[in-house]
**Student:** 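The following block contains the structure, expressed as structure tokens.
Letters go in sequence order (proteins before strands), and every chain restarts at 1. Values below: every heavy atom of this structure, side chains too, minus hydrogens, waters and symmetry copies.
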4 protein chains.
Amino acid sequence: MTDHGVHEATPASPEALKGQEPVRRGRGRTRDSATTAAILDAAMELLVEEDLRKFTIERLASRAGVSKATIYRWWPSRGAVALDAFLNAVDPHVPFPKTTDFLTALRFQASALVRVFRETPAGHVVRALLAEAQSDPDLADAFRTRWVEARRDSGRAVFRRAQESGQIRSDLDLETAIDLVYGPIYYRLLATHQPLTDKFVDDVTAYALRGLAP
Amino acid sequence: MTDHGVHEATPASPEALKGQEPVRRGRGRTRDSATTAAILDAAMELLVEEDLRKFTIERLASRAGVSKATIYRWWPSRGAVALDAFLNAVDPHVPFPKTTDFLTALRFQASALVRVFRETPAGHVVRALLAEAQSDPDLADAFRTRWVEARRDSGRAVFRRAQESGQIRSDLDLETAIDLVYGPIYYRLLATHQPLTDKFVDDVTAYALRGLAP
Amino acid sequence: MTDHGVHEATPASPEALKGQEPVRRGRGRTRDSATTAAILDAAMELLVEEDLRKFTIERLASRAGVSKATIYRWWPSRGAVALDAFLNAVDPHVPFPKTTDFLTALRFQASALVRVFRETPAGHVVRALLAEAQSDPDLADAFRTRWVEARRDSGRAVFRRAQESGQIRSDLDLETAIDLVYGPIYYRLLATHQPLTDKFVDDVTAYALRGLAP
Amino acid sequence: MTDHGVHEATPASPEALKGQEPVRRGRGRTRDSATTAAILDAAMELLVEEDLRKFTIERLASRAGVSKATIYRWWPSRGAVALDAFLNAVDPHVPFPKTTDFLTALRFQASALVRVFRETPAGHVVRALLAEAQSDPDLADAFRTRWVEARRDSGRAVFRRAQESGQIRSDLDLETAIDLVYGPIYYRLLATHQPLTDKFVDDVTAYALRGLAP
DNA sequence: AGATAAGCGAGACGGTACGTCCAGTCTTTAC
DNA sequence: GTAAAGACTGGACGTACCGTCTCGCTTATCT
């Protein structure tokens, strides 16, 4: 992995996915992948260690055993590193459920998300990233593209298939439909007025199914 | 307004709760209400001026023509002032709709919220407050109690009335039901993957009605 | 001592010399004289410890147990602190020699300077200050006014008296005359092509006397 | 010019001393004289452009279109390049005056120096080099040997000849005598308390002549 | 009418982090 | 083997805020 999304391209560039090498970029010393890894690992560590206010470039550099300049060479901001570290650790793509039943498929995905938020540090990190994004437009863009939309893509496919098999109505605004399921989950994640229980996922998906039925 | 919620033991609190005026709290010069107002006004100004990163105590003090110490005397943090300034400018309570029809009432409230987010600086400020709350537990509590729950109370009443009149099912988890409507709205506010249109409100409420129908 | 020359006024302001207090400058916490002293002392220490490249604000701050901001609040640059520290430790004024004999008086002053350069850290510091001044016009001004001219004043008086008593010619350019004595000394201090011996002082002053004789 | 003095063991040195061209020194690509020239030219440009603080290896490399490593391969420090660039542009040797009259000869040399300081960028550069030399012993050595002493050699010859022809006393310390003329000039160059005028040169040389007369 | 307190503006202070720049060194490829 | 490109550590720069702390003045109320 040689490239850090927020900067210029997607992290998993096509070449990388095919297992090919980063390709030569002319002369000069090549980027040290151990350094990059150290930074991303240290970032994930810091992100997990509760107090988000302690996620500073200075701390990150010393934790990774790297100079600040090296971090700034590759990432434009705190949030950018955080996002890369997060996506480096958590794959934004949800595996397709095997079933063709809409409710089951929807629950599969919603549960997967909620479980990740609840049982891994990801919940913490997503909260931090969304918070940071509120005052950093570049990060907002990157986060939307690389996390929000990546997950929504998976959801979109499920909804579309259900539409094709007639399990939900056909005059549907797909985007709104997805928000109906993901919206409540993120709302609870951020506002913390109620916990993210399995029951909650079941209820939300059940209501959605009924609301979207043909 | 003299009570600044986030601050647990604000001198004026007890009296304020009883609706009485600040009254005397022993000897000494009394709190200058003009100063308080200047701070809250300046805070709201700064909050509105786009770049949230510029909302610092230092700037706030100089903008309000006040010393930093005076701010720290009454509020424990940036977020606390911001919240007070916000609630000082925007009433968290939604007027009860005149109608008894559930869908109309629900739309009334959802539209009111979306319109405030879209057409006033409140959207901006709520985003900032929610962001700040992710790393400030005290602010999170205060924001939840004084904004989130205050609005949800209005919503809860509407849902309850609809339940009583049989417009929606009776075995309902009210909290989840409210999330079904507010969740998607906050999700769009924060993730900005799609705009907060009137059509969106109509769709969300319509889907919810069908999902919650008896 | 409240004022640090390079900034706005002379360090030993008239009031200070008369033993009067720094005078109140309106409201606000007063400047901590212990802090100022700690900075100047630490600066002098660093200045003396050979390697001038180690005289950095960062080191100075940590050595003085003071924050960088405090240093920057009172001095505009490295050189400014250095100059104040130097003048705080070394009085630029040369005591008047008791004699009225020109050669004796001249030697008295020249020897005093050379001895200070040779036997105290002052030589080191003056070299550093002159070096720094070559790329810092503000420092150059301050150094010229507060060190160079202060010393030259003493010299000027001696030359003037000798002129009045007819020991040296009367159609003399005083400035050039002083350069004739001080020039060679500073030249050796900086170029180090030859050592600053007592013999050298004797020779220079003797040649000058003969060159300036009526 | 391939020998860069400050650098003791410059690869090209031996050949250069024999006056031959760089020639082949074993295998591999030969040193690019265009590169060397580009560096020295760029260095002189930067040196002249007023702000000495901008004379950094980084800037020099990019200005010369050369990599930093190439500069470090041939010169040990900032000052070393600066000195080479300076001597590459200004010949340290003063042509012998045709006259045998001491005062005329002395004035010839002193005027030449002052004119170079006043009318070319050399004054600026000498100031920078002397400043840098105060904290770089290697540069100090090189500057003394290659500039200071080279000029003094010319002066020494003039003094010696005057001594032989009886124009000045014979029990003279030559080094002190030279300082008597050059000292005041460098002093004014560096302390800038008075300008370097022609009148000044005339006065200094005249006083010296009288001081040194038999 | 004092005395006693608090409120308040001004601003000094030790800290921490910012984002930038440069010094030197090292690594890779091109010539 | 020289050179260009450029990655990398390390350290200082000067700035901005943080939260705390005097300081001296003002404004109340309590004795």
**Student:** Rounded to the nearest angstrom, tell me the gap between atom NZ in C/Lys54 and atom P in F/dG10.
**Tutor:** 17 Å
**Student:** Check every atom of E/dA12, F/dC18, F/dA4 against the side chain of D/Ser67 and return the nucleotide holding the closest atom.
**Tutor:** F/dA4
**Student:** Using a heavy-atom cut-off of 4.0 Å across all strands, would you classify D/Thr56 as base, sugar-phosphate, or nothing?
**Tutor:** sugar-phosphate
**Student:** How far does CZ of C/Phe86 sit from CG of C/Leu47, to the nearest 0.5 angstrom?
**Tutor:** 8.5 Å
**Student:** Need to verify one output field. Residue with the more 5' nearest nucleotide on DNA chain F, B/Phe55 or B/Ala69?
**Tutor:** B/Phe55
**Student:** Roughly how far apart are A/Leu129 CG and B/Gln134 CD, rounded to 0.5 Å?
**Tutor:** 11.0 Å
**Student:** Measure the spacing between CD of A/Glu45 and CZ of A/Phe55 and express it to the nearest 0.5 Å.
**Tutor:** 11.5 Å
**Student:** Which part of the nucleic acid, if any, lies within reach of C/Ala61 when heavy atoms closer than 4.0 Å are counted: base, sugar-phosphate only, or nothing?
**Tutor:** nothing
**Student:** Is there a side-chain contact between D/Thr35 and the phosphate of F/dA4, meaning an N or O under 4.0 Å from OP1 or OP2?
**Tutor:** yes
**Student:** B/Lys68 side chain: which of E/dG7, F/dT20, F/dC30 is closest?
**Tutor:** F/dT20
**Student:** Is there a donor on the side chain of C/Arg29 or the base of E/dA12 sitting less than 3.5 Å from an acceptor on the other?
**Tutor:** yes
**Student:** Can a side chain N or O of A/Arg59 be found less than 4.0 Å away from OP1 or OP2 on E/dA17?
**Tutor:** yes
**Student:** Which whole-number value in Å describes the distance from B/Glu58 CD to E/dA10 C1'?
**Tutor:** 12 Å
**Student:** Under the salt bridge (charged side-chain N to carboxylate O under 4.0 Å, His left out) criterion, do C/Glu49 and C/Arg63 qualify, and how do the steps go?
**Tutor:** CA-CA 13 Å; C/Glu49 279 172 10; C/Arg63 174 74 68 107; 3.1 Å; yes
**Student:** May I ask you to verify if any side-chain N or O of B/Thr70 is less than 4.0 angstrom from the OP1 or OP2 atom of E/dC8?
**Tutor:** no
**Student:** Ignoring backbone atoms, establish whether C/Trp74 has a side-chain N or O less than 4.0 Å from OP1 or OP2 of E/dA12.
**Tutor:** no
**Student:** With nearest nucleotides of DNA chain E determined for A/Ile57 and B/Ser33 from heavy-atom distances, which residue corresponds to the more 5′ nucleotide?
**Tutor:** B/Ser33
**Student:** Using whole Å, report how far CD of A/Glu132 lies from C1' of E/dA17.
**Tutor:** 14 Å
**Student:** A/Leu60 CG to E/dC18 C1': how many Å, rounded?
**Tutor:** 14 Å
**Student:** Figure out the CD1/P separation between A/Ile39 and F/dT9, and round it to whole Å.
**Tutor:** 7 Å
**Student:** Could you tell me the separation between the OH atom of C/Tyr72 and the C1' atom of F/dG14, rounded to a whole number of Å?
**Tutor:** 5 Å
**Student:** So how far is it from D/Arg53 CZ to C/Asp136 CG, rounded to the nearest 0.5 Å?
**Tutor:** 5.5 Å
**Student:** In this structure, how many angstroms lie between the P atom of E/dG24 and the CZ atom of D/Arg78, rounded?
**Tutor:** 9 Å
**Student:** CZ of B/Arg78 to CD1 of B/Ile71: how many Å apart, nearest 0.5 Å?
**Tutor:** 12.5 Å
**Student:** Tell me: CH2 of A/Trp75 to P of F/dC8, nearest whole Å?
**Tutor:** 9 Å
**Student:** Side chain of C/Arg73: nearest nucleotide among F/dG19, F/dT9, E/dC13?
**Tutor:** E/dC13
**Student:** Quick one: which of E/dT28, E/dC8, E/dG14 gets closest to the side chain of B/Asp32?
**Tutor:** E/dC8
